[in-house]
Number of protein chains: 4
Amino acid sequence: MAVPLDPDLPTNWGRWGAGDELGTLNLITDDVREKAAAEVRTGRWASLAQPVTPNPMVMSPFAPTTVEVSPVQQIMAHTGVGVAADLMLVSNHHAKSTHLDALSHWSLEGEVYPGRPRDQAVTPGGVTHGSTTAFAAGIVTRGILLDLADDGPLPAGYAVTSHDFEQAEQRQGVHVESGDALVVRLGWTSTPIPGTSSPGISIDAVRWMHLRGIAIIASDRGDAYPPLDPGGPSPLHGVGLGRMAMPLIDAAELDDLAALCALLGRYSFMLTIAPPRVHGLTGVPVNPIALF
Amino acid sequence: MAVPLDPDLPTNWGRWGAGDELGTLNLITDDVREKAAAEVRTGRWASLAQPVTPNPMVMSPFAPTTVEVSPVQQIMAHTGVGVAADLMLVSNHHAKSTHLDALSHWSLEGEVYPGRPRDQAVTPGGVTHGSTTAFAAGIVTRGILLDLADDGPLPAGYAVTSHDFEQAEQRQGVHVESGDALVVRLGWTSTPIPGTSSPGISIDAVRWMHLRGIAIIASDRGDAYPPLDPGGPSPLHGVGLGRMAMPLIDAAELDDLAALCALLGRYSFMLTIAPPRVHGLTGVPVNPIALF
Amino acid sequence: MAVPLDPDLPTNWGRWGAGDELGTLNLITDDVREKAAAEVRTGRWASLAQPVTPNPMVMSPFAPTTVEVSPVQQIMAHTGVGVAADLMLVSNHHAKSTHLDALSHWSLEGEVYPGRPRDQAVTPGGVTHGSTTAFAAGIVTRGILLDLADDGPLPAGYAVTSHDFEQAEQRQGVHVESGDALVVRLGWTSTPIPGTSSPGISIDAVRWMHLRGIAIIASDRGDAYPPLDPGGPSPLHGVGLGRMAMPLIDAAELDDLAALCALLGRYSFMLTIAPPRVHGLTGVPVNPIALF
Amino acid sequence: MAVPLDPDLPTNWGRWGAGDELGTLNLITDDVREKAAAEVRTGRWASLAQPVTPNPMVMSPFAPTTVEVSPVQQIMAHTGVGVAADLMLVSNHHAKSTHLDALSHWSLEGEVYPGRPRDQAVTPGGVTHGSTTAFAAGIVTRGILLDLADDGPLPAGYAVTSHDFEQAEQRQGVHVESGDALVVRLGWTSTPIPGTSSPGISIDAVRWMHLRGIAIIASDRGDAYPPLDPGGPSPLHGVGLGRMAMPLIDAAELDDLAALCALLGRYSFMLTIAPPRVHGLTGVPVNPIALF
């Protein structure tokens with residue numbers, strides 16, 4: 001790796017070798033999965049994805065002239081028989097779609113984790129290193145919800161720290177461990193609200209994820225808009241995804257999960273993350289399922 | 001329902017009311033899910049989806065002039081910053097993509113289950129009844145693999161019957177029950193092979209599913225190409241999906257699952273089915289996960 | 001042709017043989033083109049297409065959450081070099097896009113002109129008869145503008161008749177002849193205005209086109225919304241395109257042309273119609289050019 | 001303009017002001033168009049575009065498993081009525097599609113003609129400077145074919161020079177002048193042939209275009225693959241488009257035009273270039289029409 005990265009920030013470049021494409025998913029051991037399995041006792045479950053209403057691409061003359069922007073454009077197909085079929089054009093990293101960022105989504109000074117020149121990894125013909133191929137068969141691990149919004153949404157501009165996480169652990173009676181999926185609820189939607197500073201994850205909180213050994217993170221609102229520290233790297237995308245090689249689930253919707261956790265009095269579960277099994281993408285929509 | 005359907009074939013039209021959109025998913029009760037939960041003991045798992053290599057949409061002048069047909073076209077996006085992002089155009093019912101058929105995918109004499117005029121349910125602007133909305137938050141139930149190809153692929157043109165299912169139950173020590181996901185392996189790929197008659201599920205086998213109360217079915221090769229009975233309805237699509245309102249997972253890849261079942265000596269598991277949470281589609285790619 | 005068409009309405013089915021795909025474009029003889037050539041004397045010209053602003057498909061987090069519907073979705077591509085390239089997804093028959101309807105766009109009781117079963121002509125894999133292939137190399141003929149809106153837009157709900165055409169001919173000193181492209185300006189936009197009845201072309205006016213031998217027609221507003229006669233066939237699409245096999249240019253924008261005609265005191269010109277040379281479509285965006 | 005460009009190569013940066021988006025199209029004066037009009041005498045014409053067969057996006061199970069790559073993907077739409085409609089996904093700069101490059105397609109050391117930072121001109125949301133907007137209403141000028149392949153295709157690897165142009169002028173009895181569209185036929189297809197060096201336009205030939213004042217150029221094969229001079233700028237794209245701001249029509253098909261010119265004994269004509277009137281693109285398919 002030619003680029004000297006800020007030694008004060010956590011990094012996993014080199015930790016699992018020069019050819020690695022899994023990043024912190026390496027932390028999901030058989031032991032972790034066994035622990036995850038032990039969480040599945042009732043068959044109850046919650047989706048962590050927000051519902052998407054697609055926009056139709058063919059309009060009748062009387063269709064509305066403005067539409068809500070959607071991550072998915074739907075095209076109803078002519079099949080020639082009594083069978084209904086369609087296609088969809090999907091914007092893989094849309095702010096209104098719960099999606100999984102592959103490691104190649106981010107780069108640091110021209111390199112993709114763990115030191116591959118970006119131009120070699122990300123090409124017009126697709127991604128050759130650090131793509132969705134790494135987790136196309138799915139991810140299964142233990143998940144922990146830290147619900148920071150159990151008392152209502154966090155205040156605008158609030159910087160979530162490790163202290164918030166540890167308080168939530170205590171409040172909820174859980175302990176986040178190596179290989180876990182961390183699910184953080186701030187109580188904010190994924191879409192920026194013009195004129196408003198959202199809360200967001202701080203660098204301090206990302207350091208804590210590094211120390212604890214988080215395998216993957218999901219949040220309703222992760223990096224703040226506008227940034228908490230406009231001069232620094234974005235905590236989740238720049239440090240978490242870029243340096244720590246920790247895949248991100250962006251734009252999750254966590255209200256159902258929080259309600260189920262509160263109902264069951266339990267904030268740990270098995271999490272299955274199984275996007276469409278498409279190789280070579282920079283990211284992909286996903287519908288993570290928390291199983292209790 | 002205006003259309004008198006063949007009284008000799010199983011049907012669920014009317015069974016759960018005139019507004020129902022779940023079909024046989026109604027059979028997944030809390031009891032079934034609890035039984036499914038009891039299957040999760042080790043944290044081991046298998047994906048039932050075949051991997052998809054997308055085709056790039058922008059070619060360099062020296063790109064190949066012919067390509068393998070793919071269900072997904074990938075477009076690498078210009079983001080203007082050091083961030084890699086892409087879009088994908090997805091053919092939702094492609095023979096080379098593991099996907100979930102919604103109830104509106106099929107219709108019987110102009111009506112969609114359970115008697116909605118097809119023109120009202122399936123419109124150029126999307127599907128208003130019987131779409132992917134019904135299971136957009138995911139499906140969780142117990143799954144059973146009946147591996148009919150443990151001795152090698154079934155012969156060309158073979159018609160799978162209830163007798164094959166019951167022999168497999170006996171051989172594997174399992175019993176398929178109401179609310180289960182039935183996973184059937186014939187040992188054939190989803191893509192037709194020109195000049196060859198694939199094996200397929202027979203009407204008799206679908207009747208058996210009805211009697212047993214299958215909630216959802218997945219198979220590597222379901223309806224035969226060419227059809228086993230060219231004059232009759234297609235067993236899985238025409239009777240299973242159309243009449244019984246039993247959602248289908250088409251074009252699954254079951255070799256990994258079969259190997260894991262053989263290794264663990266266990267053919268029952270929890271199955272999570274969580275496609276991208278997009279409403280209003282006729283079908284959607286999915287990556288079903290079998291948890292042991 | 002199995003279907004007995006209303007003998008009171010004009011038809012060209014059979015006129016140019018059972019395999020014909022040109023329809024009224026057969027009327028453009030060398031003589032007509034020579035007459036068209038004689039119109040080109042100054043090198044001045046006008047476009048008859050409305051400008052389209054595409055919608056971008058990849059949004060930044062701060063992009064607007066609603067957009068004007070557009071016939072074209074633009075995707076900026078990552079090229080990996082200092083070259084900018086893009087793709088566009090085009091809705092070929094959009095009300096906000098000037099486009100050319102191929103003969104297969106319309107069918108009469110299950111048949112496409114001149115009597116081909118619709119299922120054979122229009123397939124999921126494209127159009128095999130009556131597609132854009134027929135005019136993919138372009139159309140060149142004489143054009144005549146009949147400006148019915150020289151005094152302002154026609155009144156709401158107004159039914160344009162042959163009388164209007166003949167008055168305009170007299171007023172403008174022109175005579176529409178066999179093989180001509182007829183360009184009709186009503187002074188209305190192509191997009192329906194909710195709660196308003198647009199004016200439109202009547203059956204009487206279409207009969208007149210048949211008698212005169214119009215090869216192709218362009219208008220800003222052709223068939224009225226809502227229809228002038230809800231119980232009858234739509235004059236331009238049902239009779240003109242469907243029965244007379246006269247290709248339509250929908251949703252033209254004619255203000256520039258009208259201004260240039262008025263300026264030059266001349267309402268006849270050469271018209272070149274050269275859409276992207278794509279075969280097998282039902283319609284295609286086009287930018288017709290009037291040359292003086 | 002911050003970038004010092006090689007003073008030995010022709011440039012038009014600054015020639016028409018800092019806000020210009022027309023480039024050499026500025027050379028098309030009323031006089032040129034009048035000269036062009038004088039060429040139109042017979043009504044005969046030829047298309048300069050190659051035909052495109054689109055690929056269908058929805059395949060039946062028995063569709064072929066490999067396809068010829070096409071610049072256009074066609075999707076037949078379900079319209080719900082007896083009307084056939086479709087959409088197309090178009091790769092605007094495809095080697096198998098005759099298309100018009102906008103000025104923003106190329107940049108020189110981070111700037112787009114005539115000195116606009118590329119990041120401001122080319123954005124994820126579209127092109128704000130130097131896009132297809134500049135010629136969306138069409139281009140009309142005089143065209144001259146220089147047929148360098150009247151005796152058969154040029155040899156592999158041949159570098160076309162100004163000498164070839166002047167010999168062709170003499171042979172054909174034409175003189176290329178300021179504001180003309182230059183059409184050059186090398187007798188090669190637009191698609192590279194693996195293992196073969198195509199002929200191409202040399203820097204010397206582009207200098208000659210600059211001296212003569214070419215407004216726009218079309219060729220069957222323009223820049224050679226592999227490059228004639230791998231170390232230098234590509235003549236047509238790097239110097240012609242990038243420095244001289246001369247729009248390019250790539251991948252034209254000129255056999256029909258050459259045959260018509262030979263038949264009529266005339267190599268000058270009016271050329272109308274009227275792509276779909278879509279703003280903000282980097283390039284667009286076009287069907288140029290030569291009128292005699």
Practice problem: Go through the steps for D:T79 and A:H78 under the test side-chain contact (heavy atoms from CB on, under 4.5 Å), then give the verdict. | Solution: CA-CA 7 Å; D:T79 62; A:H78 165 68; over 6 Å; no

Quiz prompt | Point-to-point distance, once rounded to the nearest 0.5 Å, from CG of A:L87 to CE of D:M76 | solution = 12.5 Å

Practice problem: Among D:A85, D:G80, D:A84, D:A77, single out the residue with the greatest number of heavy-atom pairs under 4.5 Å to chain A. | Solution: D:A77

Practice problem: Give, for atom CG of A:L89 and atom CE of D:M57, the distance between the pair rounded to the nearest 0.5 Å. | Solution: 9.5 Å

